[in-house]
Protein chains: 2
Amino acid sequence: MKNEDQPKDKRLKPGDAQKLTMAEVAKYVGVSAMTVSRAFRQDASVSEETRKRIMEAVDALGYVLDLSAGSLSSRRSGFIAALVPSINNSNFSDTARGITDALENTGLQLLLGYTDYAAEKEEELIEAMLRRRPEGIILTGGSHTARARRMLAKAGIPVVETWELPEDPINHVVGFSNSEAMALLVRALASQGYQKFGYIGGTTARDTRGSQRRSGFQKAVEELGLGPGRMISFGVPPITMEQGGQAIVSLLERWPDTEVVLCVSDLSAFGAIMECKRRGMKVPGDIAIAGFGDYEISSICHPSITTINVDCYGIGRQAAARLLDALQGSGEATGDEIILTGYRVVLRESTGRSAAR
Amino acid sequence: MKNEDQPKDKRLKPGDAQKLTMAEVAKYVGVSAMTVSRAFRQDASVSEETRKRIMEAVDALGYVLDLSAGSLSSRRSGFIAALVPSINNSNFSDTARGITDALENTGLQLLLGYTDYAAEKEEELIEAMLRRRPEGIILTGGSHTARARRMLAKAGIPVVETWELPEDPINHVVGFSNSEAMALLVRALASQGYQKFGYIGGTTARDTRGSQRRSGFQKAVEELGLGPGRMISFGVPPITMEQGGQAIVSLLERWPDTEVVLCVSDLSAFGAIMECKRRGMKVPGDIAIAGFGDYEISSICHPSITTINVDCYGIGRQAAARLLDALQGSGEATGDEIILTGYRVVLRESTGRSAAR
DNA sequence: CTGTCGAGTGTTATCGATACCATAATGTCG
DNA sequence: CGACATTATGGTATCGATAACACTCGACAG
């Protein structure tokens, strides 16, 4: 038991919660700290023999690399920040998973934050994230406070906005037009003969994707000459299943002859359908209902729900890929790029003109 | 335009993506860097006047604090790590949200990771997290690899295990007995007169909570003298809605006279119910089905689903609170504590003995 | 009038790893 | 066989903030 170099008078138990440093590992092996540092990186030139000895020592001592020290000197935090409106929404958690998967084996770690659909919260989070000096940042949507935009510009890191097509993109975009997608759904249903369209969505413009969907709905209905759509706003986004149920009640009270109702998301659509069934209405017999987002529930439930399928996971993967790209060829080649992700109408039982199977 | 101290030959544009340091802010204001550092912390003693001038300068220059530098010298990373099996599962995302909320205004940031229900993945993630020197860590469940346990012990930070009651807790625990909860559900249904019990869950012991629920089921059924339960294992956890549907088909093929089926989660229960309805069976008329977890869908869908309500959000909040406590009174008072969180049977339509409303 | 106190501020030495440059040892080729 | 790569390694400065301690200055007690 050698005890030649204990720093002061501190504990020196066998495998205690010591803070071990690279230097100590180095001394143990008989090399310099620099060599230990190199051994931890795959590219660096260290002989196989030495690396093996170092790694054995690391194991024996239970040393764990300290990235916070490393990132200070290397000026690379190893973080990617991502902000999503909510993690409880499976669309966004799919996106988060896409990002995580794309980051695997890149040595980059995800720092995740929830904005609760609020731009001010987003601003706060952006600042909190930037304090960790992320190498890139992924945002949801295209509306940000002025200060948020300023901070992002100043940070000088690649930014990817997702899930929308912002009018004034900061940098890169991976998304699709929510209004076009909703319009496509309107047209698909109109071509099945539906004429009296209703819409259920959340209040206010907090959820920009929601309001884009609504305006896409409105525009498409008018273009088809089907008069103004019947629209109910209900609750603060994100609308829950329960609110979907309440909303359809209001809508049908006001416009009892509505033939088909489009909802801002599958969740509200599901709530609406269940409420109808509870009241003895047949879906799609008495009323047709469609959603948006193609959540798992929509293909399983009975009746299955017509919806717009969005590649949530792919949005995450591509956003992260775009970021990695930008970090690779970091040579000022700020080739801002807009990547359109696909979506498609998925017709299911809830809007079936003939009886459901 | 002063240009007295440009380091080398680099760009020096007005508000460009420069890396600003505290020292530069300090020089701008005419104080020392230390004072700027103090101005950023609420407790430190800086005159109101000076602090105001500093913050104005920070704003004007667009300076953003660099926490990675700060955490190196202060030896406090400001991170709390949390590992959950999956973020796409709303039970766990509720827990994550509980943690996030509890951390608000503490200056601590959440580092989240997904283990995919795999102990090896958890081990990897624990190492990745520890490299960031988190001040505490929250885990899901009580099974960890030996190396993971070693690393955690060595790290010397408080650990909270959640969602279960581990046999051999590392440190703190915030959870409940999954087997007891499932047994309670069995007894509640037995008291309604059900006798022939079936069970649907995932394969293998990857999902320890799942296997605890299964054994709780088995034990309760036997204790009630209802013979061995009829159990179907289907798919790798987490079981999807679709797999729930497939599983109930197998179960009913094998044991057509089953009266009630308990599922490892509401999601599989929902899939099972929908599949039954698709096949023209009445739920609960022809068969009763119950889930576990009380997901939003279960109270909304038709029939609504009998389940065990678990305080997912509360588990997160309490786990974080426990951690904060441990960090406060960090004076070695490692009062390891086991906090039991509540759960309760929620009887709904899917197991109603009389016809659903 | 001297000594003590405390609020406000500055100076210096780190924190733990890595960038950068230097050096020793081993080839390698005309 | 000498000049020159190439590989493996070490030494030192440094990343940007903060801990720890020192200092200044006015207030106030004795």
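Chain A is the first sequence line, chain B the second, and so forth, proteins listed ahead of strands; every chain is numbered from 1.
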| remark: Protein heavy-atom contacts under 4.0 Å, written 5' to 3' over nucleotides 16-27 of chain D as B (base), S (sugar-phosphate only) or - (none), form the string BBSBBB------
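Listed pair A:Ser47 / D:dT7 fails the phosphate criterion, with no side-chain N or O lying under 4.0 Å from OP1 or OP2. Taking side-chain N and O atoms only, B:Thr35 has no distance below 4.0 Å to OP1 or OP2 of C:dT9.
Here A:Ser68 pairs with A:Asp66 under the side-chain hydrogen bond (donor to acceptor under 3.5 Å, both in side chains) rule; sequence neighbours left out. Listed by chain and residue number, nothing satisfies the salt bridge (Lys or Arg N to Asp or Glu O under 4.0 Å) test with B:Glu24 (two or more places apart in sequence, or in another chain).
Counting heavy atoms from C-beta outward, A:Trp163 and A:Phe92 have side chains that approach closer than 4.5 Å.
Panel note: side chain B:Arg317, backbone B:Gly98; no donor-acceptor pair is recorded below 3.5 Å. Proximity of a side-chain donor or acceptor of A:Thr95 to a complementary backbone N or O of A:Ile315 within less than 3.5 Å is not detected. A:Glu161 places a side-chain N or O within 3.5 Å of a backbone atom of A:Ile170 that can act as its donor or acceptor partner.
In this entry the distance linking NZ of A:Lys27 with P of D:dG10 reads 14 Å, nearest Å. One can place CD1 of A:Ile54 at 11 Å from C1' of D:dA8, the figure rounded to the nearest angstrom.
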